[in-house]
*Asks:* 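Please see the structure below; I have some questions.
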Amino acid sequence: MKLSKYYMPTLREVPADAEIPSHQLMLRAGMIRSLSAGIYSYLPLGYRVIRKVEQIVREEMDRSGALEVLMPAMQVADIWKESGRWEEFGPLMVRFKDRNEREYCLGPTHEEVIADIVRDEVRSYKDLPFNLYQIQTKVRDEIRPRFGLMRAKEFIMKDAYTLDRDEDGLDKAYQNMYDAYVRVFDRCGLDTRVVEADSGAMGGSGSHEFMVLADSGEDDLAFCTECEYAANVERAEAALEISRASKAADDLAETSADTSNNPAADATTSGVEIEKVHTPEATTIEDLVDMIGVSPEKMIKTMAYVADDQPVVALVRGDDQLNEVKLRNHLKAIELRPAHPDEFPERFGSVAGFIGPVDLSENIKIVADRRIQELEKAVTGANEKDYHLVNVNPHRDIAEIEAFTELRTVQAGDPCPRCGGALEIKSGIEVGHIFKLGTKYSSSMGATYLDENGKTQPIVMGSYGIGITRVAAAAVEQHHDDRGIVWPLPLAPFQVIILPLGNSGDVGRAAEEIYEELQDAGLEVLLDDRDERAGVKFNDAELIGIPLRITIGSRSLENDKFEVQIRRTGKEFNIDRSSACSEIENLLEEIE
RNA sequence: CGGGCUGUGGCGCAGUUUGGUAGCGCACCUGCUUUGGGAGCAGGGGGUCCUCGGUUCAAAUCCGAGCAGCCCGACCA
């Protein structure tokens, strides 16, 4: 391809709206342009990268036995109402009506369509298993699209769906996809980690996320520094440190949450009565530390939530963070939101800043983090403005705790739940996510088959996504320097760029010659035949990140030499004009 | 949805406090010179100053409403 005939609008200056490297560089390299927040056009250079990613994904999916299909982007509301997700998905789904007032959405995902395709056709266990996938644009009305292709309202996704007879089949299909995903990201030249994940709104029993480690990542991940344990912090747990006299309380919580008449509880907490203390304006943990000199780990942080319109309070230690995902999962809530301060008096019989779990109204569900059960003489809100309670013993004083469960967010340094080693937290970009769905969609939508015994069974499903456009952005996050993008060879829009310098006829002819030769050899070559100054060409070549650059100038041409530079290392050397083509081919092998 | 910042030519920005006929750099067009790391000189084109309404003799500038973009938040009561 000749640059004089290409559309590659590079920018010298950094666009003001772009925050992270991939967004800035993809704009500057003339790869993408936004139509509106989170909605992008892929320009020629950018689309070539997207297609590289797609092709790798396609090859590995095909290799794993999956079958490519293309499903409708425009979906009818009916199937979503059947699965129950018309409500569940909420404002994330883009909805509209046709001229006959029939309801539609733009597909944010395709489980329902798959179930629909399959339910009328699959009759027998002999028809299973199989795996269908597609590469298609998905539309989601994100709360806050940002970071260019990283979180867009419209993005390209590969989604695959496995259909099996039973859990056993699903396990095999899941492992098959897991292995394919490892190969995909490896081939893309990305450093990825697999972590245990929460399955969120998709439902189902197990899931893993494939993460590209990067500072700009939106997910926090917990890794054990000593074993293989890795999990999204949404799900990660820490081993419970059994400390001091908490053993008795611990045993007790195993058997019953109702601690009010347990003598063991009384034995550990006898003697010290609750006391109300005046704590004016102290509405945060920090305020309290300053005012009454108690450390945060002796405090009970009480968080008011509304779960499917029911008031709930969650208790965590003062030095812990509540993990909303864990709370939601425990409550099995569809809608979960923090209570608004205005709701405190009426719904919680309390006041914002001073809420506490002692003597709350009976219709408020109380759930507590496991670490709360070992607290003694703790501090918490008194449900009265400017007052807190001290000497609170959860087992004695909070009668209505529904459960002690894992509700906190792990922190760096926490002990690993597998081996006790220290956990570290890193941020990552989610590029792939695989789910064992089970029978959630097949049951609700009637996708069933007859087993060997003639009995009706729901099809067991799995669902597997790769964010194609996000992979491209993640690759830039991981592979760039201060001069621009440094594409891994398998994703590079072109493998080689030829820079003829100056207008001399010889230079132009030599460039044209090697250009033809490399193309005939099957390489993807860009020839910068623009009437630009050397500096402009050098800078653009580096900005767009082509792995190999051939510079042709009159000086070295006199000796029948071309100059070659490797983008990643910056290494420069001369090659013979006569053997240039084969030398370039060898170099590309090496880079890979 | 809440808070903050920003909207001026394709891009990056100044001008807004103190109202007076819109400017800089880059990019673009023409010519000459130059030509191995974002050229120099000369000339030139291009802007409903986000939108609507108001105040005023006069509004990019002041006031009101709206829209858009970005950032933070939407757990730490």
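So you know, we letter chains A, B, ... as the sequences are listed, proteins then strands, and number each from 1.
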*Asks:* Provide the distance between the two C1' atoms, one in U34(B) and one in C24(B), to the nearest whole Å.
*Replies:* 26 Å

*Asks:* Nearest heavy atom decides the nucleotide; on that basis, is Gly535(A) or Val14(A) closer to the 5' end of RNA chain B?
*Replies:* Val14(A)

*Asks:* Between C76(B), G12(B), A27(B), which nucleotide gets closest to the side-chain atoms of Arg12(A)?
*Replies:* A27(B)

*Asks:* Quiz question: going by heavy-atom distance under 3.5 Å, is there a donor-acceptor pair between the base of G37(B) and the side chain of Glu532(A)?
*Replies:* no

*Asks:* When the distance from CZ of Arg337(A) to C1' of A74(B) is rounded to whole Å, what number comes out?
*Replies:* 12 Å

*Asks:* Starting at atom CD of Glu19(A), determine the distance to atom C1' of U6(B), rounded to an integer number of angstrom.
*Replies:* 13 Å

*Asks:* Using whole Å, what does the distance between atom C1' of nucleotide C70(B) and atom NE2 of His23(A) come to?
*Replies:* 10 Å

*Asks:* Arg28(A) side chain: which of G36(B), G38(B), C71(B) is closest?
*Replies:* G38(B)

*Asks:* Run Glu13(A) and Arg28(A) through salt bridge (Lys or Arg N to Asp or Glu O under 4.0 Å) and show every step you take.
*Replies:* CA-CA 7 Å; Glu13(A) 303 191 63; Arg28(A) 285 223 293 140; over 6 Å; no

*Asks:* Using whole Å, report how far CG of Leu501(A) lies from P of G38(B).
*Replies:* 12 Å

*Asks:* So which nucleotide does C26(B) pair with, by the Watson-Crick or G-U wobble rule with both distances under 3.5 Å?
*Replies:* G10(B)

*Asks:* Is the closest side-chain donor-acceptor distance between Asn383(A) and Asp359(A) under 3.5 Å?
*Replies:* no

*Asks:* The side chain of Arg533(A) is closest to which nucleotide in this list: G12(B), U34(B), G69(B)?
*Replies:* U34(B)

*Asks:* His330(A) and Glu402(A): side-chain donor and acceptor closer than 3.5 Å?
*Replies:* yes

*Asks:* In whole Å, what is the span from the CG atom of Leu499(A) to the C1' atom of U35(B)?
*Replies:* 15 Å

*Asks:* Tell me the partner of G47(B), counting only Watson-Crick (N1-N3 plus N6-O4 or O6-N4) or G-U wobble (N1-O2 and O6-N3) with both under 3.5 Å; none if nothing fits.
*Replies:* none

*Asks:* Nearest to the Asp540(A) side chain among C71(B), G38(B), G12(B), which nucleotide is it?
*Replies:* G38(B)

*Asks:* Using a heavy-atom cut-off of 4.0 Å across all strands, would you classify Ala18(A) as base, sugar-phosphate, or nothing?
*Replies:* nothing

*Asks:* Let me know, please, whether Pro15(A) or Phe538(A) comes out on the 5' side of the other along RNA chain B by nearest nucleotide.
*Replies:* Pro15(A)

*Asks:* Tell me what Thr380(A) touches on the nucleic acid: a base, only sugar-phosphate, or nothing, going by heavy atoms under 4.0 Å.
*Replies:* nothing

*Asks:* Would Ser361(A) and Asn363(A) count as a side chain to side chain donor-acceptor pair (under 3.5 Å) here? Give the steps.
*Replies:* CA-CA 6 Å; Ser361(A) 148; Asn363(A) 61 13; 2.8 Å; yes

*Asks:* Establish, from distance only, whether the side-chain atoms of Glu430(A) and His433(A) form a donor-acceptor pair under 3.5 Å.
*Replies:* yes

*Asks:* Nearest to the side chain of Arg549(A), which nucleotide is it out of C76(B), G37(B), A77(B)?
*Replies:* G37(B)

*Asks:* Between the side chains of Glu376(A) and Asn393(A), does any donor sit under 3.5 Å from an acceptor?
*Replies:* no

*Asks:* With sequence neighbours excluded, tell me which residues meet ring-ring contact (aromatic ring centres under 6.0 Å, His included) with Tyr7(A).
*Replies:* none

*Asks:* Checking Arg48(A) against Phe494(A): charged group under 6.0 Å from the ring centre and within 45 degrees of the axis?
*Replies:* yes

*Asks:* Between G36(B), G38(B), G37(B), spot the one nearest the side chain of Gln565(A), thanks.
*Replies:* G37(B)

*Asks:* Could you check which residues of residues 140-152 of chain A get a heavy atom under 4.0 Å from RNA chain B? Sort them by number, please.
*Replies:* Ile143(A), Arg144(A), Arg146(A), Phe147(A)

*Asks:* Of all the choices, G38(B), C76(B), G37(B), which nucleotide is nearest to the side chain of Met303(A) once you look at every atom?
*Replies:* C76(B)

*Asks:* Within the structure shown, what part of the strands sits under 4.0 Å from Ser554(A) by heavy-atom distance: base, sugar-phosphate, or nothing?
*Replies:* base

*Asks:* What is the separation between atom CG on Asn574(A) and atom C1' on G36(B), rounded to the nearest whole Å?
*Replies:* 13 Å

*Asks:* For the backbone of Glu524(A) and the side chain of Gln495(A), can you confirm whether one donor and one acceptor N or O come within less than 3.5 Å of each other?
*Replies:* yes

*Asks:* In whole angstrom, what separates Leu11(A)'s CG from G10(B)'s P?
*Replies:* 14 Å

*Asks:* Between U17(B) and C11(B), how far apart are the C1' atoms? Round to whole Å, please.
*Replies:* 28 Å

*Asks:* Taking the C1' atom of each, how far is C63(B) from G45(B), in whole Å?
*Replies:* 37 Å

*Asks:* Please give the distance between the P atoms of C50(B) and A60(B) as a whole number of Å.
*Replies:* 10 Å

*Asks:* Does the structure show a Watson-Crick or G-U wobble partner for U16(B), both distances under 3.5 Å? Name it, or say none.
*Replies:* none

*Asks:* Taking a pair as Watson-Crick or G-U wobble with both distances under 3.5 Å, which nucleotide is matched to U34(B)?
*Replies:* none

*Asks:* Between C70(B) and G31(B), how many Å separate the two P atoms, rounded to a whole number?
*Replies:* 41 Å

*Asks:* In whole Å, what separates the P atom of G64(B) from that of G3(B)?
*Replies:* 16 Å

*Asks:* Just checking Phe344(A): base, sugar-phosphate only, or nothing, at a heavy-atom cut-off of under 4.0 Å?
*Replies:* base

*Asks:* Whole Å only: how far is the CG atom of Asn539(A) from the P atom of A27(B)?
*Replies:* 13 Å

*Asks:* Is any NZ, NE, NH1 or NH2 atom of the basic residue among Arg146(A) and Asp17(A) found under 4.0 Å from an Asp or Glu carboxylate oxygen of the other?
*Replies:* no

*Asks:* When you compare G73(B) with G10(B), how far apart are their C1' atoms, in angstrom units rounded to a whole number?
*Replies:* 34 Å

*Asks:* Any residue in residues 319-326 of chain A with a heavy atom nearer than 4.0 angstrom to RNA chain B? Just list them by number, or reply none.
*Replies:* Gln321(A), Leu322(A), Glu324(A)

*Asks:* Excluding sequence neighbours, so at least two apart, what forms salt bridge (charged side-chain N to carboxylate O under 4.0 Å, His left out) with Asp319(A)?
*Replies:* Arg317(A)

*Asks:* Does the Lys153(A) side chain pair with the main chain of Ser36(A), one donor and one acceptor, at a distance under 3.5 Å?
*Replies:* no

*Asks:* Consider the side chain of Ala534(A), meaning its heavy atoms from C-beta on, and name the nucleotide among C70(B), G37(B), U34(B) that approaches it most closely.
*Replies:* G37(B)

*Asks:* Hey, are Asp481(A) and Arg567(A) close enough for a salt bridge, meaning a charged N less than 4.0 Å from a carboxylate O?
*Replies:* yes

*Asks:* Can you pull out the residues from residues 34-49 of chain A that lie within a 4.0 Å heavy-atom distance of RNA chain B?
*Replies:* Ser36(A), Ala37(A)

*Asks:* Which part of the nucleic acid, if any, lies within reach of Arg33(A) when heavy atoms closer than 4.0 Å are counted: base, sugar-phosphate only, or nothing?
*Replies:* nothing

*Asks:* Just to verify, which of Ile552(A), Val496(A), Leu527(A), Ile584(A) counts as forming a side chain to side chain contact (heavy atoms under 4.5 Å, CB included) with Ile514(A)?
*Replies:* Ile552(A)

*Asks:* Go through the structure and list residues passing salt bridge (charged side-chain N to carboxylate O under 4.0 Å, His left out) with Asp482(A), not counting sequence neighbours.
*Replies:* none

*Asks:* Does any N or O donor sit under 3.5 Å from an N or O acceptor when you compare the side chain of Asp17(A) with the base of G69(B)?
*Replies:* no

*Asks:* Write down the partner of C1(B) under the Watson-Crick or G-U wobble criteria, each distance required to be under 3.5 Å.
*Replies:* G73(B)

